[in-house]
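Only one structure is covered here, and it is reproduced in the block below.
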Amino acid sequence: MSKSNIVTRIRYKKDVNFQRLVGGWCKYVSKDGANGRSLRDFSSVNDLYEKELGIFDDTKETEEHYIWGKNGDVSKREILTEVPKDKTGRMWTLVISFPPDFALESGLKTKQDYYMMTKAIMPKFILDNDLDLTNTRWYASLHKDTDNPHLHISIFELEETRKKDTLEKTTMKYLKSNIASYLVDNTSFYKDQDYLLLGLDYKIRKSNYTKVNKELFFSDKFRKNLNKDLLSLYEKLPKRGRLQYNSKNLDYCRKDIDKIIEKILYHDKIKYDFEKYYHSLESIEREQKKLYGNSKNNKYIENKMKRLYSKIGNDILYNFKVYNSKDFLKYQKEFLEINIMNMNFVSRNIKKKTTIIKHATELYKLGKLASLSDSDIKKLLEKWIKKSKINYDVELLFNAVSNTREEISVTDFYKALSHLGYTKERYDTYKNKSFYKNLRFKQFVKKANYYLLVETKKEEQFLLELLEKELQGKDI
């Protein structure tokens with residue numbers, strides 16, 4: 001087994017004085033051997049180039065910057081202003097090391113290169129450990145006081161939520177994988193792979209292969225068999241419990257889902273795109289072997305295929321929910337088409353961008369269910385933004401949610417309503433009031449029409465009498 005070029009190590013520390021714990025790490029990483037250049041210092045490519053090419057620049061910043069965070073250079077004082085005082089705390093310290101030749105070949109030359117890498121990998125590492133990005137801080141420092149350039153990184157929560165001291169071992173494997181992914185030429189490999197995956201997913205959805213469709217292509221033999229397989233799966237799916245591809249609740253019928261996925265992927269219309277995507281995974285795995293070595297832990301293709309199957313499988317299961325919801329949603333559609341613009345949707349105390357977009361996406365789906373135009377959906381979003389006191393531009397929000405899948409299940413329907421200020425009880429009450437209001441309005445219109453009809457007949461009779469008198473030469 002060849003040796004990995006990426007070495008990682010993590011430890012955790014506790015202290016009754018959180019400020020002292022974090023401050024001690026800041027002092028340690030600011031020692032001799034740490035790179036004290038500012039991230040804004042682009043005076044030379046690296047020290048090696050300075051020596052070999054004789055490139056020197058006297059315009060470097062004089063202030064030393066040993067530490068950086070997600071937003072760039074940061075001082076010890078700035079870090080400690082965020083750390084709670086007089087409080088026990090816990091911190092994880094991470095070291096990432098590379099052989100010098102490998103670092104240069106992989107594009108890790110300047111301090112800026114290391115900074116850009118940490119910006120890319122740290123959010124994923126934090127999320128993999130089930131930590132909240134808004135509550136977690138990370139800071140890094142580059143050291144070259146040993147044969148191998150290495151990073152010292154601290155990670156801590158502002159308010160402790162994690163019960164365990166240690167982080168999961170599997171997340172260290174993911175970390176190495178993410179570093180390897182970053183160091184491979186992202187533009188030529190990973191972006192191409194992402195486009196291929198998006199194209200494959202789009203083609204499958206556009207062809208309606210993850211849902212029963214008796215109207216389109218029903219004469220086609222493949223479509224007939226696919227419908228039959230999907231309906232057969234629907235009968236096996238549990239009536240209760242979690243309907244997600246990787247849920248234990250579906251262990252007994254996952255093979256049936258996989259057979260349908262394989263049938264879709266090897267259809268003549270899909271298989272060319274699937275094969276292109278699979279070949280791109282093989283290319284990346286070959287590159288990663290140069291970074292990992294021939295490690296048994298490098299299961300890049302296997303992991304990506306699991307994700308692909310999970311993606312298509314969840315789409316099949318989502319469409320099963322929609323299939324079972326059609327009759328119910330038909331009645332909701334009729335009601336919303338008349339009333340949705342008059343419903344005062346509001347979400348209380350939401351500040352996170354992800355939550356705002358989530359609730360806006362739900363409102364967008366309700367708007368589409370009500371057959372609203374894009375301009376009307378924008379009006380609906382604008383009204384919701386104002387009512388909820390959210391600071392967000394309606395055009396940006398519409399652009400963020402308008403590419404979402406428009407179908408909605410019964411469960412998602414009621415979830416959306418609850419997030420937008422309508423419990424099931426309040427929605428039903430509103431519907432009842434609206435029904436009687438519409439009924440009274442219809443009765444009013446009916447009476448008004450009857451009154452107009454009677455008055456029109458009276459007027460016609462009067463005109464006829466006038467005309468008859470005029471013809472007989474009588475005084476009118």
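In what follows, every heavy atom counts, from backbone to side chain, and hydrogens, waters and symmetry copies are set aside. All residue numbers in this chain count up from 1 along the given sequence.
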Using modelled atom types and a 3.5 Å cut-off, is there a donor and acceptor pairing between side-chain atoms of [X] and backbone atoms of [Y]?
X	Y	answer
Lys14	Arg90	no
Ser388	Ile390	no
Ser347	His419	yes
Lys111	Leu142	no
Thr136	Asp132	yes
Asp201	Leu197	no
Thr355	Lys351	no
Ser232	Lys228	no

Salt bridge (charged side-chain N to carboxylate O under 4.0 Å, His left out) evaluation trace for Glu302 with Lys306: CA-CA 6 Å; Glu302 183 182 330; Lys306 282 180 181 177; 3.4 Å; yes
When you look at Ile338 and Glu334, which way does the side chain to side chain contact (heavy atoms under 4.5 Å, CB included) test go after all the steps? CA-CA 7 Å; Ile338 299 169; Glu334 291 171 0; over 6 Å; no
Ring geometry between Phe320 and Tyr234 (parallel below 30°, tilted from 30 to 60°, perpendicular above 60°):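 Tilted.
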Parallel, tilted or perpendicular: which one describes the rings of Phe98 and Tyr114, with boundaries at 30° and 60°?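 The arrangement is tilted - the two ring planes meet at 30° to 60°.
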Residue of the set Glu159, Glu157, Glu160 for which salt bridge (charged side-chain N to carboxylate O under 4.0 Å, His left out) holds with Lys87: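 Between Lys87 and the candidates, salt bridge (charged side-chain N to carboxylate O under 4.0 Å, His left out) is satisfied uniquely by Glu159.
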Can you name the closest pair of heavy atoms from [X] and [Y] and give their distance?
X	Y	result
Phe222	Ile264	CZ-CA, 4.5 Å
Gly69	Val74	N-CG1, 3.9 Å
Leu158	Pro84	O-CG, 3.4 Å
Ile153	Ala140	CG1-CB, 3.8 Å
Leu233	Cys253	CD1-O, 4.4 Å
Ala370	Glu337	O-CG, 3.3 Å

Please evaluate residues Asn225 and Lys263 with respect to the criterion side chain to side chain contact (heavy atoms under 4.5 Å, CB included), reporting the C-alpha separation (whole Å), side-chain torsions for both, the decisive distance (0.1 Å), and the verdict. CA-CA 10 Å; Asn225 289 332; Lys263 182 174 281 191; 4.0 Å; yes
Hey, mind stepping through Glu362 and Lys358 against salt bridge (charged side-chain N to carboxylate O under 4.0 Å, His left out) and telling me if it holds? CA-CA 6 Å; Glu362 292 170 331; Lys358 178 184 175 183; 5.2 Å; no
Could you check if a side-chain atom of [X] sits within less than 4.5 angstrom of a side-chain atom of [Y], using non-hydrogen atoms only?
X	Y	result
Ile312	Ile260	no
Ile301	Tyr278	yes
Leu317	Leu237	yes
His359	Phe345	no
Trp92	Asn129	no
Lys321	Asp412	no
Thr423	Ser418	no
Trp138	Leu94	no

Cation-pi geometry met for Arg254 and Tyr245 (6.0 Å, 45°):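 Ring-cation test returns yes.
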Using the side chain to side chain contact (heavy atoms under 4.5 Å, CB included) rule, take Phe125 and Met172 through it: C-alpha gap first, then chi angles, then the decisive distance, then the call. CA-CA 8 Å; Phe125 183 66; Met172 295 303 289; 3.9 Å; yes
Where at least one partner belongs to residues 390-400, residue pairs that pass side-chain hydrogen bond (donor to acceptor under 3.5 Å, both in side chains), sequence neighbours excluded: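 Listed by first then second residue: Lys378-Glu395.
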Just wondering, more than 12 heavy atoms not from [X] lying within 6.0 Å of its [atom1]?
X	atom1	value
Lys383	NZ	yes
Lys124	NZ	no
Asn349	CG	no
Tyr202	OH	no
Lys70	NZ	no
Tyr266	OH	no

Assess the residue pair Arg223 and Asn227 against the criterion (side chain to side chain donor-acceptor pair (under 3.5 Å)); give the C-alpha distance rounded to whole Å, side-chain angles, the decisive distance to 0.1 Å, and a yes or no. CA-CA 6 Å; Arg223 183 74 252 183; Asn227 281 346; 3.0 Å; yes
What do the steps show when you test Glu168 against Arg162 for salt bridge (charged side-chain N to carboxylate O under 4.0 Å, His left out), and what is the final call? CA-CA 12 Å; Glu168 304 301 329; Arg162 188 181 174 85; 3.4 Å; yes
Please report the interatomic distance [atom1]([X]) to [atom2]([Y]), rounded to the nearest 0.5 Å.
X	Y	atom1	atom2	answer
Leu363	Ile377	CG	CD1	8.0 Å
Phe398	Leu380	CZ	CG	11.0 Å
Ile96	Ile10	CD1	CD1	9.0 Å
Leu372	Leu366	CG	CG	9.5 Å
Tyr277	Glu282	OH	CD	12.0 Å
Asp376	Ile340	CG	CD1	10.0 Å

Are Asp229 and Lys259 close enough, and set up right, to give a salt bridge (charged side-chain N to carboxylate O under 4.0 Å, His left out), and what steps lead you there? CA-CA 9 Å; Asp229 291 341; Lys259 284 179 182 177; over 6 Å; no
Report the C-alpha separation of Asp128 and Asn178 in whole Å, then their side-chain angles, then the decisive distance to 0.1 Å, and conclude whether the side chain to side chain contact (heavy atoms under 4.5 Å, CB included) test is met. CA-CA 11 Å; Asp128 282 341; Asn178 289 334; 4.1 Å; yes
Are Asp374 and Lys368 within salt-bridge range, i.e. N to O under 4.0 Å?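 So Asp374 pairs with Lys368 through a salt bridge.
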For Lys236, check salt bridge (charged side-chain N to carboxylate O under 4.0 Å, His left out) against everything at least two apart and list the hits.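 Lys236 satisfies salt bridge (charged side-chain N to carboxylate O under 4.0 Å, His left out) with Asp256 only.
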